[in-house]
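A short write-up of the structure that comes next.
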Amino acid sequence: MGWRQAGRTFEGGRVDGDGLDVTLSPDDAVRLAGPWRRTHATVRADGGRVAAHRHGPPRPRLASEPERAPALVISSGGKHDAAVASVVISPTVLARSRAFAEALFSTADGAPPAERLDWLTREFADYLVKAGGRARFILTLALFVVSWLAPLMVDEWPTLVRLDRRTRIRALERMEASFLSAAVLAVKAFLCVIYYEHPDVQREVGYVGHATFPMALEARATEAAR
Amino acid sequence: MSLHDAAKEKGPLTLEADVVVVGSGAGGAVVAATLADAGKKVLLLEEGGYVPQEVYGRLSPSQQLRAMWRDAGLTFAIGVGDSPVINVMMGKCVGGSSALTGGVCFRTPASVLKVWREQRGMPEFTEAHLAPYFETVEKVVHVEETPAALRSRSTLLFNEGATKLGHPLKPIRRNTKGCEGNSRCNFGCPTGAKRSVDLSFLPLAFAKGATLWSHCLVDRITHDGGRATGVEGRLLDEAGHARPDTFSVKAKLVVVAAGGYHSPLLLEASGVGRASGQVGRNLTLHPAFRVMGRFDEPVEGWRGALQSMYADDWEQDGITLTSMFLPPGVLAATMPGIGPEHVERAKLMRHLGVFGGMVHDDGGGTVRRGPGREPFVTYRMAKKDKAVVPKLMRLMADIWFAAGAKEVFLPVLGMGPVTPDRLKSLDLESVKGKDLECSSQHPLGTCRMGASKEVSVVDPNGRAWDLDGLVVADGSVVPTSLGVNPQLTIMAMARRIAERLV
């Protein structure tokens, strides 16, 4: 098992990563990444560029595990190919961030829509790619700490991604109130900064201002139409 | 062609100029424009990329962090002792932090100039002496009083509360022209109304023949026989990663304007200023804290200018209060809780007023070379400054309550909403430094200016004490903390330094 440079091209379509589908636009550049412990990726379409992927059977998912994030870094318009080519975000990191986000943004009605979490995970991955090495290290370290220590706060073991959503919420709440709050807050801050830029989320919280595009453009277009 | 992107070039690149300016922010741009106007061949080098206003004005805050902020917004000063970890925001782009400030413009306070004259041995620094430099830069960046019509409801409410307590706020001056009140100055003005240096001083410099290379990381200042001869470094790719390709610039004069974090690193890497023992020391940050008030009525504080009023009535205590607002994601991130509790609180953002408080600090920060390209920065908050923080929080909470807020959110990690009754019983003096949520936009003093080489890195004209042909002209030379937003002081001092080089 190991890396294999595929060097393929691909034009839109879908990438399946262990049951997860990510729809790509024709301009997207893609890299499959990670330690592959949990990810089996198959490229179905041709057209974009796949830098590398691993071949081998996927590890079966545990029933208690939440859906994992795809091991992908996607960058629109191919403008950041250099970053994509030189930075690898592990699927474990993405799975942790998704599990954290699913708990953080859950409402009394349940988890946020999967589409929104997909978007958030992709944006978070893009953020990690474009952040400097140190910023990336701080965030991934914080995710690691939260992933392993938060479950201990509710007498569970071993990692956050394996807890059901309600237990995850309880674990993170306890950790946020503990002396280890800094790790939770670091991840929470950056997930929030991205999540609340989603137009649907902004509508839900009543934010219709000019500070965040594309909402601002939308608001202006509406005003102009009137 | 004035703007070049080194990411598209192959090295080694060899350039020549009369003056090479490292950094294109508030200091570097002013020096470049001044010297280019005097007929010098000026070359600016910028580590970050060029993001035109038409582009950055359309980026969301998180996209801005990725594209224009150093460390994507994750630059910290590590608190030492009973000090908070401080998130220090700074730009890494053409225009530097100037493109990402709230646009607030204060002249250097008279009380600070008095300290510079009487305690730092620089008698020239009087208000009258600096006035022409301030007037020049104020004209170029169009400093104006923020119109009352642009005050957000959040600011108006805080003013109501402050007025009830006998301390009405004052209008803030900003470098704007035609501001529409989009409340996102610090994430790049969407309309170009903020006259940051990328839209003011840099075009002036280009018009006079200056050139700028982005994506150039300067590693060291070259020198020979006690005189600076230029700089050398590496070319970066579009994502800011270093490439094997190198560049060098030969110049008669080297101006370092890489900011409070990176100017000292560059000097240290070049073996300059070591004799003083002051390079990278004396960092002041103006630690800042936000306090939010929750009202029953919708506030929608994002409608209006980001910063339009301030209060300096507590200046003697080292406190300056300035209006501010935050993007929705940042607002939500300050809300305690996980899951439904967090989401419900986030829905309160329409009802939140936000105001900021800044401490006129004594410093105690140090910038050292760290692993990788970014420095390792520590900050030990002076006891006097730490003692100010509970007073600041209580003062701002009282003002919000006087304005009719039902509860306030204090900058204490993990602390939920605070009602008036709860505030009375809170022991804010016992809150540990590490539990404070603190940020800064004003790193100053790490290559400080002074009267002798024993206590400072550069002389009162910005010239390095121990290397001819080297000048530092940015926030790092500011001798002490200012207690007010520093961009105008940095610009005026850069203008003064540059005029003395002509």
Side-chain angles (χ1 to χ4, degrees), chain A residues 79-84 86-87 103-109 123 126-136 138-139 165-166 168-173 176-178 181-182 184-186 188-197 201-202 204-214 216-217, chain B residues 7 57-63 65-67 70-76 85 180-184 187 190 237-241 298 300 302-303 325-344 346-350 370-374 413-414 434-435 437:
Chain A
K79 286 183 181 173
H80 296 278
D81 280 358
V84 174
S86 59
V87 176
L104 175 61
F105 302 120
S106 282
T107 65
D109 298 331
E123 287 292 308
D126 186 62
Y127 182 93
L128 288 176
V129 167
K130 289 166 191 167
R134 191 170 63 174
R136 199 159 44 243
I138 291 170
L139 277 175
R165 188 174 52 85
R166 286 175 200 281
R168 246 180 289 152
I169 292 172
R170 242 177 347 112
L172 289 171
E173 276 174 345
E176 190 188 32
S178 77
S181 62
V184 175
L185 294 168
K188 179 178 169 179
F190 281 89
L191 288 175
C192 279
V193 167
I194 297 169
Y195 185 75
Y196 286 91
E197 287 177 355
V201 180
Q202 293 196 341
E204 284 168 16
V205 298
Y207 181 90
V208 184
H210 291 294
T212 309
F213 291 88
L217 293 176
Chain B
R58 296 172 69 89
L59 297 178
S60 71
S62 84
Q63 289 171 329
L65 288 171
R66 292 173 243 182
R70 185 166 290 283
D71 261 342
L74 268 171
T75 307
F76 288 99
V85 173
E180 295 176 5
N182 288 308
S183 195
R184 53 161 285 176
F187 287 96
D237 64 23
E238 279 189 32
H241 302 136
E300 298 193 344
W302 52 79
R303 296 183 188 278
F325 210 75
L326 301 167
V330 182
L331 266 181
T334 63
M335 295 292 171
I338 301 287
E341 189 189 0
H342 165 78
V343 173
E344 285 308 307
K347 285 180 182 170
L348 294 175
M349 69 173 69
R350 276 186 79 209
R373 200 191 299 172
E374 298 300 330
L413 299 179
K434 71 175 182 59
D435 291 331
E437 182 196 305

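Residue numbering restarts at 1 for every chain, and letters A, B, ... go by the order of the sequence lines.
With rounding to the nearest 0.5 Å, the separation of CG in Leu191(A) from OG in Ser62(B) is 11.0 Å. In this structure, Leu74(B) CG and Arg134(A) CZ are separated by 9.0 Å, a value rounded to the nearest 0.5 Å. To the nearest 0.5 Å, atoms OG (Ser181(A)) and CD (Glu437(B)) are separated by 11.0 Å.
Using a 4.5 Å heavy-atom threshold, the side chains of Gln202(A) and Pro328(B) count as touching.
Interface check for chain B: of the options Ile169(A), Leu104(A), Val184(A), Thr107(A), the most heavy-atom pairs under 4.5 Å are formed by Leu104(A). The most heavy-atom pairs under 4.5 Å with chain A, out of Pro336(B), Gly372(B), Pro371(B), come from Pro336(B). Comparing Gly73(B), Gly370(B), Gly339(B) by how many heavy-atom pairs each has under 4.5 Å with chain A, the most go to Gly339(B).
Counting only distance, with no hydrogens or angles, the side chain of Tyr127(A) and the backbone of Ala72(B) share a donor-acceptor pair below 3.5 Å. Of the possible polar contacts, one joining the Lys188(A) side chain to the Gly337(B) backbone as a donor-acceptor pair under 3.5 Å is found.
For Leu185(A), the part lying under 4.5 angstrom from a heavy atom of chain B is the side chain only. Interface remark: Tyr195(A) contributes no atoms to any contact with chain B (heavy atom separation under 4.5 Å). For Ala189(A), the parts sitting under 4.5 Å from any heavy atom of chain B are the backbone and the side chain alike.
Between Glu173(A) and Ile338(B), the shortest heavy-atom distance links the atoms OE2-O, 3.4 Å. Taking each heavy atom of Tyr196(A) and Ala346(B) in turn, the nearest pair found is OH-CB, 3.2 Å.
Ring planes of Trp302(B) and Tyr207(A): tilted class, angle from 30 to 60°.
A salt bridge links Arg66(B) and Glu123(A); the closest N-O separation between the charged side-chain nitrogens and carboxylate oxygens is under 4.0 Å.
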Tell me, with the steps shown, if Cys192(A) and His342(B) meet side chain to side chain contact (heavy atoms under 4.5 Å, CB included).
CA-CA 11 Å; Cys192(A) 279; His342(B) 165 78; 3.7 Å; yes
